[in-house]
Amino acid sequence: MNNFNMLYKVASESAEKAYAPYSNFKVGAALLSKSGDVFSGCNIENASYSLTCCAERVAIFKAVSRGVTEFKTIVITSNTPEPISPCGACRQVMSEFFDDSVIIVLTNNNQVKKELSIQELLPYSFNL
């Protein structure tokens, strides 16, 4: 994937901006739209934890709030030994906006990466 390096850089920079005072677990995401726009996101924690918003959803919601709903790629990274995997809530939000043409790249700070489709990431999503 030729956009990986650029998206990885944006995702890594976003992770550094994460608000994670409780877990110190910083996650960043970079979402590439079909029109070429890039939307970044970082996790934003809350003392109640259940009100925390993950990097993936921040990036997707930023895009949607600007009227963008067609995507090509998302890169998600964190300082983890293995590529970071999205939580269930993020997977369900992704399934709302991603079709199988969207490349989901799970990675870490060593750029170990795993590429998946939304169908592979969430084979039994809730759909109406």
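The figures that follow rest on heavy atoms only: side chains count, while hydrogens, waters and symmetry mates do not. What you see is a predicted model; the values in this text were computed from it and never measured.
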Pairwise side-chain contact, Leu31 with Ile60, heavy-atom cut-off 4.5 Å (strictly under): yes
Any donor-acceptor pair under 3.5 Å from Asn108 side chain to Asn79 backbone: no
Side chain proximity check, Asn109 to Tyr8, heavy atoms < 4.5 angstrom: yes
Presence of salt bridge, Lys9 and Glu13, under 4.0 angstrom: yes
Contact check, side chains of Pro86 and Leu121, non-hydrogen atoms, under 4.5 Å: yes
Under 3.5 Å donor-acceptor pairs involving side-chain atoms of residues 94-106, not counting sequence neighbours:
{"unit_1": "Ser95", "atom_1": "OG", "unit_2": "Gln92", "atom_2": "O", "d": "2.7"}
{"unit_1": "Ser95", "atom_1": "OG", "unit_2": "Gln92", "atom_2": "NE2", "d": "3.3"}
{"unit_1": "Asp99", "atom_1": "OD1", "unit_2": "Ser101", "atom_2": "N", "d": "2.8"}
{"unit_1": "Asp99", "atom_1": "OD1", "unit_2": "Ser101", "atom_2": "OG", "d": "2.4"}
{"unit_1": "Asp100", "atom_1": "OD1", "unit_2": "Ser117", "atom_2": "OG", "d": "3.4"}
{"unit_1": "Asp100", "atom_1": "OD1", "unit_2": "Gln119", "atom_2": "N", "d": "3.1"}

Tyr49 OH: over 12 foreign heavy atoms closer than 6.0 Å: yes
Linked, directly or transitively: Val64 and Ile76 (ILVMFWY side chains, under 4.5 Å): yes
OG-CG distance between Ser14 and Asn43, expressed to the nearest 0.5 angstrom: 10.5 Å
Hydrophobic cluster membership, Phe61 vs Ile118, 4.5 Å side-chain cutoff: yes
Side-chain touch Leu51/Glu45, heavy atoms, less than 4.5 angstrom: no
Side-chain heavy atoms of Val38 within contact of Leu7, under 4.5 Å: yes
Verdict with supporting geometry, Arg91 and Ser85, side chain to side chain contact (heavy atoms under 4.5 Å, CB included): CA-CA 9 Å; Arg91 292 173 191 221; Ser85 184; 2.5 Å; yes
Heavy-atom closest contact (Val58 atom, Gly41 atom, distance): CG1-CA, 3.8 Å
Minimum heavy-atom distance Glu120-Glu115, with the two atoms named: OE1-O, 4.4 Å
Atom CD of Gln111 with >12 non-hydrogen neighbours under 6.0 angstrom: yes
Beyond-backbone contact of Cys54 with Cys87, side-chain heavy atoms, under 4.5 angstrom: yes
Step-by-step side chain to side chain contact (heavy atoms under 4.5 Å, CB included) determination, Ser40 to Lys17: CA-CA 10 Å; Ser40 63; Lys17 296 174 185 167; over 6 Å; no
Inter-residue atom distance Thr73.OG1 - Met6.CE, 0.5 Å rounding: 8.5 Å
Distance-only polar pair, side chains of Ser78 and Thr80, donor-acceptor under 3.5 Å: no
Shared hydrophobic cluster, Val75 / Val93 (ILVMFWY, side-chain heavy atoms < 4.5 Å): no
Validation row: Leu32, Ile74 side chains within 4.5 angstrom (heavy atoms): no
Considering all heavy atoms, the nearest Ala59-Ala29 contact: CB-CB, 4.4 Å
Distance under 6.0 Å and angle within 45° of ring axis: Lys113 vs Phe4: yes
